> 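Take a look at the following structure, please.
Just so it is clear, the structure is predicted and the values come from calculations on it, not from any experiment. Both backbone and side-chain heavy atoms feed into the values below; hydrogens, waters and symmetry mates do not.
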Amino acid sequence: MEIDYFLVLGGIFFVFALLSRRIEGYPLTAPMLFTGAGLAIAYFLQDMGVTEPPISEMALHTVAELTLVLILAADASRISAPSLLRFRSIPMRLLIIALPLTIALGALAGMLILPDMLWVEAALIAAILAPTDAALGASVLSEKSIPLRVRQSLNVESGLNDGISLPAVLFFACFLNMAHQNGEVNWLIFLALQLSLGPLMGALVGWIGGQLIGIAAGRNWITPTYQGVAAMALALVAFAAAEEVGGNGLIAAFVCGLIYGNLRVEYSHFLHEFTETESEVLSQLTFLLFGLAILPQALEAMTIEILLFGLASLTVVRMLPVAIAMTGLKLHVPTVGFLGWFGPRGLASLLFALLVLEDLNIETAETIKTIVAITVLMSILLHGLTAGVLSRAYGKWATTGTGRDCPENQEPEVAAVMQGSAT
């Protein structure tokens, strides 16, 4: 019996679209459902005797790469650089203090819980798992009773920390390759080029492309729809151009989006509108492929130690750095706990693992992929199931009793940081 995978894929998306509003009332998220659908298909195929995933590594790599390029560029384009640089409160502390501490504490947890692991392997895993994914707890951002300052702080963090974590991921990946290849100097050169030419090419493409789009729009040569198309194309050009000259294409796409979004603020909302549906489809497709092609092997290789590390990564490794970073802001314990818990590990971690580990010629690459996959699965389930109930509970506290006069309800300085974000 042959399966028409396009029929299955189209049917899954169609059914989910039909029920998307209805599902919002339940503790279910799109990542949970699409990951579950992929896993169900994988086990169904196994029962039929199909042992290999019905998707090539090249196709999986292409989907992952395209998804990450679009997400990095679109997220970066929303950030108002002047507002962010002036802002010295929650988002900046999450990015500048909590993020490095999360990587450091994650590496320490890896060495303690997985004693056979090299420190650089533990650090690589920690860096891959450092970015947060707001989509895994979407109801947190849509719950209006939660103070705007808190909601948008989590939104800013999620939009920026994948691009900020990427250099750390590349650094530890290169260091790990050096450790397994007797410290060859060419990996240092490779890393230097990745971290220098990538941003340079991204800034160049973003600036030139932004100027050209501005000229075309000023002369009424370009329609609003194609302003979004052109901006998305710039991200792909930046990615490819950086890869051609030896830079990192993902960093280039992020910087391109940042430059373009701040150069052409008046047109960047067309990019947001254009990529909203496209990135949503690609994101859920990635979760489907995660359940189909990666998760079955990860579940077979799962150990108690990996489960413990995943739990530690989602709790103490995230929550302790956030608590330290919030020191001095006079935030209440419920707010600090809420900010700490809602740091889901999702799409960025999956894509980093797929794209970076593919280039690592080391024996532990599959183990690292398993650890990342299990941690992301735990986050999909735990954050998805708790997002609604905890958001409503925290929102009720923030709008009644002592919560009404708390610093969390102050006029949010962060509102101007995210260009075009919903309030």
Side-chain angles (χ1 to χ4, degrees), residues 75-76 78-106 130-165 258 261-262 314-346 348 379 383 386-387 390-399 402-423:
D75 283 349
R78 290 180 177 271
I79 304 302
S80 170
S83 297
L84 183 63
L85 292 174
R86 289 196 301 269
F87 184 57
R88 294 292 182 270
S89 192
I90 298 176
M92 287 294 282
R93 286 171 177 250
L94 288 173
L95 294 168
I96 294 176
I97 301 174
L99 183 60
L101 285 177
T102 296
I103 295 175
L105 189 57
T132 58
D133 185 354
L136 268 63
S139 58
V140 173
L141 301 182
S142 61
E143 178 59 55
K144 300 302 182 183
S145 62
I146 295 175
L148 180 60
R149 184 185 186 192
V150 174
R151 281 188 284 132
Q152 289 200 336
S153 293
L154 290 171
N155 198 17
V156 171
E157 180 197 20
S158 178
L160 276 178
N161 60 11
D162 45 9
I164 295 173
S165 299
L258 186 64
N262 284 272
L314 300 179
T315 53
V316 64
V317 169
R318 159 73 182 182
M319 300 178 79
L320 181 58
V322 169
I324 293 172
M326 296 301 106
T327 302
L329 292 184
K330 299 180 180 179
L331 300 179
H332 287 69
V333 172
T335 298
V336 176
F338 189 80
L339 289 168
W341 173 242
F342 283 107
R345 283 12 179 238
S379 184
H383 289 108
T386 60
L390 292 183
S391 294
R392 290 188 292 272
Y394 173 69
K396 183 178 180 181
W397 171 84
T399 54
T402 58
R404 285 184 299 180
D405 300 323
C406 64
E408 295 86 332
N409 279 313
Q410 293 175 358
E411 185 68 22
E413 338 61 320
V414 69
V417 175
M418 291 294 287
Q419 301 167 156
S421 61
T423 58

> Does a donor on one side chain and an acceptor on the other come within less than 3.5 Å for Tyr394 and Thr335?
yes
> What are the two closest non-hydrogen atoms of Ser379 and Arg345, and how far apart are they?
OG-N, 2.9 Å
> Tell me every residue that passes side-chain hydrogen bond (donor to acceptor under 3.5 Å, both in side chains) with Asn161, counting only those two or more places apart in sequence or in another chain.
Thr132
> Would you compute the distance between atom CG of Leu94 and atom OG1 of Thr102 and round it to the nearest 0.5 angstrom?
9.0 Å
> Measuring from atom CG of Leu101 to atom CG of Leu99, what distance do you get when rounded to the nearest 0.5 angstrom?
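Answer for the CG-CG pair, Leu101 versus Leu99, is 9.0 Å.
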> Locate the shortest heavy-atom distance separating Ile103 from Ala130; write the atom from each residue and the value.
CG1-CB, 3.8 Å
> Taking Ser165 for the side chain and Asp162 for the main chain, is one N or O donor matched with an acceptor at less than 3.5 Å?
no
> I'd like to know if the side chain of Arg318 reaches the main chain of Ala98, judged simply by a donor and an acceptor atom lying under 3.5 Å from each other, with no hydrogens or angles considered.
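Not confirmed, Arg318 side chain does not pair with Ala98 backbone.
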> Looking at CG of Leu331 and CZ of Arg93, how far apart are the two atoms once the value is rounded to the nearest 0.5 Å?
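Here the rounded value is 8.5 Å.
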> Heavy-atom distance under 4.5 Å between the side chains of Arg151 and Lys144, does that happen here?
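Answer yes - side chains close enough.
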> How many angstroms lie between atom CZ of Phe338 and atom CE of Met319, to the nearest 0.5 angstrom?
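Rounded to the nearest 0.5 Å, the CZ-CE separation comes to 11.0 Å.
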> How long is the span from the CG atom in Leu390 to the CH2 atom in Trp341, to the nearest 0.5 Å?
8.0 Å
> Return the CG to CD1 distance between Leu329 and Ile90, rounded to the nearest 0.5 Å.
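If I round to the nearest 0.5 Å, the distance is 6.5 Å.
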> Return the minimal non-hydrogen interatomic distance between Ser145 and Ser391, and the atom names on each side.
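In terms of heavy atoms, the two residues are closest at OG-O, 4.4 Å.
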